[in-house]
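In this text, all values refer to a predicted model and were calculated from it rather than measured experimentally. Positions are given from 1, in the same order as the sequence printed here. Just so it is clear, the values below take in all heavy atoms, side chains as well, and ignore hydrogens, waters and symmetry mates.
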Amino acid sequence: MSSTPTHAESLTEAIQALGGTWDAERALTALFGAGYRPADVAAGEKRARQVLRDLADAGVVVKISERPVEYRHAVS
């Protein structure tokens with residue numbers, strides 16, 4: 001029995017694999033690739049922003065700019 005990864009797990013995997021900077025649009029693209037299907041683009045971007053904030057709180061990513069909001073993988 002396999003479990004479905006959470007949005008945070010899917011996005012963490014993408015960030016670790018691809019590196020670079022991440023904003024809501026790129027995060028949504030990664031989540032879409034992992035099977036997430038939002039009701040509409042606005043709902044998807046809102047979810048992507050929340051997942052990025054959650055990952056920042058967990059220390060997985062760090063915010064590098066406010067406007068536009070961008071994150072990068074936190075270096076351990």
The side-chain contact (heavy atoms from CB on, under 4.5 Å) partner of Val61 among Leu11, Leu55, Thr12, Thr21 is Leu55
Please write out which residues are connected to Phe32 in a hydrophobic cluster, directly or through intermediates, given that two of Ile, Leu, Val, Met, Phe, Trp, Tyr count as joined at side-chain heavy-atom separations below 4.5 angstrom.
none
Holding to side chain to side chain contact (heavy atoms under 4.5 Å, CB included), I want the full list of residues that pass it with Ala58, two or more places apart in sequence or in another chain.
Val60
Any residue meeting side chain to side chain contact (heavy atoms under 4.5 Å, CB included) with Asp57, in chain and number order, not counting sequence neighbours
none
Tell me, which pairs form a side-chain hydrogen bond (donor to acceptor under 3.5 Å, both in side chains) where one or both residues lie in residues 60-70, sequence neighbours left out?
Lys63-Glu66
Gly59 to Ala74 - nearest heavy-atom pair and separation:
O-CB, 3.2 Å
For Ala48 against Leu31, the heavy-atom pair lying closest together
CA-CD1, 4.2 Å
Can a donor-acceptor pair be found between the side chains of Arg53 and Gln50 at a distance below 3.5 Å?
yes
Sorted by chain and number, sequence neighbours left out, side chain to side chain donor-acceptor pair (under 3.5 Å) with Glu25 holds for none
Report yes or no: does Glu9 contribute a side-chain atom to a donor-acceptor pair with the main-chain N or O of Thr6 at less than 3.5 Å?
yes
Would Val69 and Leu52 show up in the same hydrophobic cluster when neighbours are defined by side-chain heavy atoms closer than 4.5 Å?
yes
At what distance, to the nearest 0.5 angstrom, does NE2 of His73 lie from CG of Leu18?
11.5 Å
Could you measure the distance from the CZ atom of Arg26 to the CD1 atom of Ile15? Nearest 0.5 Å is fine.
8.5 Å
Contact list for residues 6-25, test ring pair (Phe, Tyr, Trp, His ring centres under 6.0 Å), sequence neighbours left out:
His7-Tyr36
